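All values below come from the heavy atoms of this structure, side chains included, with hydrogens, waters and symmetry mates left out. Here is how names work: the chains are called A, B, and so on, in the same order as the sequence lines, proteins then strands, and each is numbered from 1. Not measured: the values here are computed from a predicted model.
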Amino acid sequence: MLDIQLLRSDLAAVAKRLADRGFTLDAAAFEALEAERKKVQTDTQELQAKRNALSKQIGQMKAKKEDASALMAEVNAQAEQLKALEQQLADVQQRLNEYLMVIPNLPQASVPFGKSADDNPEVRRVGEPRQFDFTVKDHVDAGAALGGLDFDTAGKIAGARFSVLKGGVARLHRAIAQCMLDTHTSEHGYTEVYAPYMVSGDCANGVSSLAKFKEDLFKIEGRDLYLIPTAEYPVTNFVRNQILTFKELPLKFACHSPCFRSEAGSYGKDTRGMIRQHQFDKVELVQIVTPENSGAAHEELTAHAETILKKLELPFRTVTLCTGDMGFSSAKTYDIEVWLPGQSAYREISSCSNFEAFQARRMQARYRTAQGKTELLHTINGSGLAVGRTLVAILENYQNADGSVAVPAALQPYMGGLKAIVPMA
RNA sequence: GGAGAGAUGGCCGAGUGGUCGAAGGCGCUCCCCUGCUAAGGGAGUAUAGGCUCAAAAGGCUUAUCGAGGGUUCGAAUCCCUCUCUCUCCGCCA
């Protein structure tokens with residue numbers, strides 16, 4: 001949520017910056033709502049003040065055993081009007097809140113202008129795509145050749161966009177998650193956490209907009225619970241409705257969890273393989289920081305995610321999402337894209353965002369400064385990394401002509417020293 | 001699933017219809033005292049918002065004692081619903 005004060009003081013500038021990201025702010029609607037709110041609120045509070053003053057007098061008179069019926073009649077005379085005004089005020093405030101809750105975050109000044117993913121500038125490129133002297137398989141064929149990737153069985157159980165992993169591939173999937181978690185906790189200072197795979201509607205609204213993105217989530221029938229599309233949902237909400245002290249900051253959490261997405265808007269997209277699934281694993285990094293540190297923390301967190309790809313010796317590039325390609329809550333996002341030989345393309349494997357106070361304001365997540373003032377926190381998160389897509393990248397980048405797949409050196413300790421996965425008997 | 005208890009400020013904890021935004025304690029901030037990390041004294045210390053002001057300061061004001069409704073001139077206090085926590089029993093991984 002944006003700071004309403006900002007809209008009040010500089011509506012035109014806000015509208016202009018939102019236009020950069022393709023969002024049309026209805027400025028006239030805001031001004032009308034504000035005018036209404038102001039009038040109704042002033043009137044209501046005036047009447048409330050009068051009632052409070054009279055009630056106080058009544059109390060004092062009764063204490064002295066005097067007759068207060070005249071004052072009581074006076075309060076009663078305005079009771080109905082006050083009730084109506086209070087109702088009106090609640091109503092206009094709710095409409096104002098609904099208006100605010102669906103406005104996306106403002107891009108940072110450093111975010112480049114652009115309309116789509118095609119306009120995302122590359123920040124850096126690390127590693128050289130390997131040259132193959134045989135016809136490369138994509139991960140579906142490479143996985144099938146190993147007998148470790150089975151979409152037919154998954155389809156039989158749950159339908160499209162699910163997968164079953166077996167044998168060495170399933171173990172590799174587990175090894176990837178273990179390696180990521182260990183790296184972030186022992187080398188990058190994150191605290192490992194385990195959290196619910198379902199969150200309340202309030203928590204979903206704390207990190208994003210439920211009104212806007214309801215369709216992307218799986219809802220639990222008959223309950224106010226949603227399957228998490230990322231561990232960002234539960235973990236960022238750790239600090240909701242809380243006032244931390246500056247001494248506790250920054251908080252750094254790493255969480256390995258499954259993620260559930262309905263993929264409602266992506267029919268026909270990435271239908272092959274496990275690039276886009278209803279369920280996938282991810283190791284999520286979350287940082288809760290003070291405002292002055294969020295820029296640096298965002299860079300740091302992005303580097304932490306990149307470290308995993310460097311360890312696994314997978315070629316990647318990092319791009320800055322342009323204004324037109326950013327997510328709803330983000331003020332700035334870096335996407336990390338891994339090289340997939342099967343597609344001859346870089347594909348997203350991590351998205352690292354700085355939300356500044358946008359989520360904190362929705363969650364009422366605050367901290368007390370050294371001066372004793374309470375301020376909104378800044379939140380940052382990123383995938384470190386998506387486990388399923390990392391598996392895809394390894395199957396494709398580490399495949400051999402004989403159908404076996406080499407195990408990256410960094411993962412071998414997690415695979416009992418195994419150096420390659422060979423086709424199952 | 002059954003029975004009971006509870007939810008108050010950063011924390012602990014008083015408060016069963018009026019002058020209570022809320023005693024007291026802890027913590028924190030500032031000052032004083034004290035020749036060193038201890039102790040003592042004093043002052044301050046909830047949050048969000050509105051109006052006013054060129055702005056800041058200030059002034060006036062509203063709401064908030066788990067959430068939402070209700071009763072009342074007036075609710076932390078009474079009533080209803082919900083959520084959560086704890087204890088005991090049952091069941092269960």
In whole angstrom, give the distance that lies between atom CG of A/Asn52 and atom C1' of B/A75. 12 Å
With a 3.5 Å cut-off and just heavy-atom distances, do the side chain of A/Gln45 and the base of B/G49 make a donor-acceptor pair? yes
Assign each of A/Asn76 and A/Gln364 the nucleotide of RNA chain B bearing its closest heavy atom; nearer the 5' end lies the nucleotide of A/Gln364
Phosphate contact (B/G9 OP1 or OP2) by A/Arg368 side-chain N/O below 4.0 Å: no
Between B/A63 and B/G21, how many Å separate the two P atoms, rounded to a whole number? 10 Å
Do A/Glu34 and A/Lys39 sit within salt-bridge range, that is, some charged N less than 4.0 Å from a carboxylate O? no
I want to check one thing: is the phosphate of B/G49, taken as OP1 and OP2, less than 4.0 Å away from some side-chain N or O of A/Arg8? no
Looking for any heavy atom pair under 4.0 Å, which part of the strands does A/Leu71 touch: base, sugar-phosphate only, or nothing? nothing
For B/U16, give the paired nucleotide (Watson-Crick: N1-N3 plus N6-O4 or O6-N4; G-U: N1-O2 and O6-N3; both under 3.5 Å), or none. none
To the nearest Å, give me how far apart NZ (A/Lys56) and P (B/U72) are. 23 Å
Can a donor-acceptor pair be found, under 3.5 Å and without considering hydrogens, that links the side chain of A/Gln399 to the backbone of A/Glu396? yes
A/Lys247 NZ to B/C28 P, in whole Å, measures 7 Å
Counting any heavy atom closer than 4.0 Å, what does A/Thr374 reach on the DNA or RNA strands: base, sugar-phosphate only, or nothing? sugar-phosphate
Going by atom types alone, do A/Glu66 and A/Gln60 pair a side-chain donor with an acceptor below 3.5 Å? no
For the pair A/Lys16 and A/Asp20, find out whether any cationic side-chain nitrogen is under 4.0 Å from an anionic carboxylate oxygen. no
Roughly, in whole Å, what's the span from CG in A/Asp224 to P in B/A67? 18 Å
Classify the nucleic acid contact of A/Lys38 as base, sugar-phosphate or nothing, counting any heavy atom under 4.0 Å across all strands shown. sugar-phosphate
Here's a test of your reading of the structure: between A/Glu86 and A/Gly59, which maps to the more 5' nucleotide of RNA chain B? A/Gly59
For B/G50 and A/Gln5 - does any side-chain N or O of the residue sit under 4.0 Å from the phosphate oxygens OP1/OP2? yes
Exactly one of A/Leu249, A/Leu244, A/Thr245 clears side-chain contact (heavy atoms from CB on, under 4.5 Å) with A/Lys247, and that residue is A/Thr245
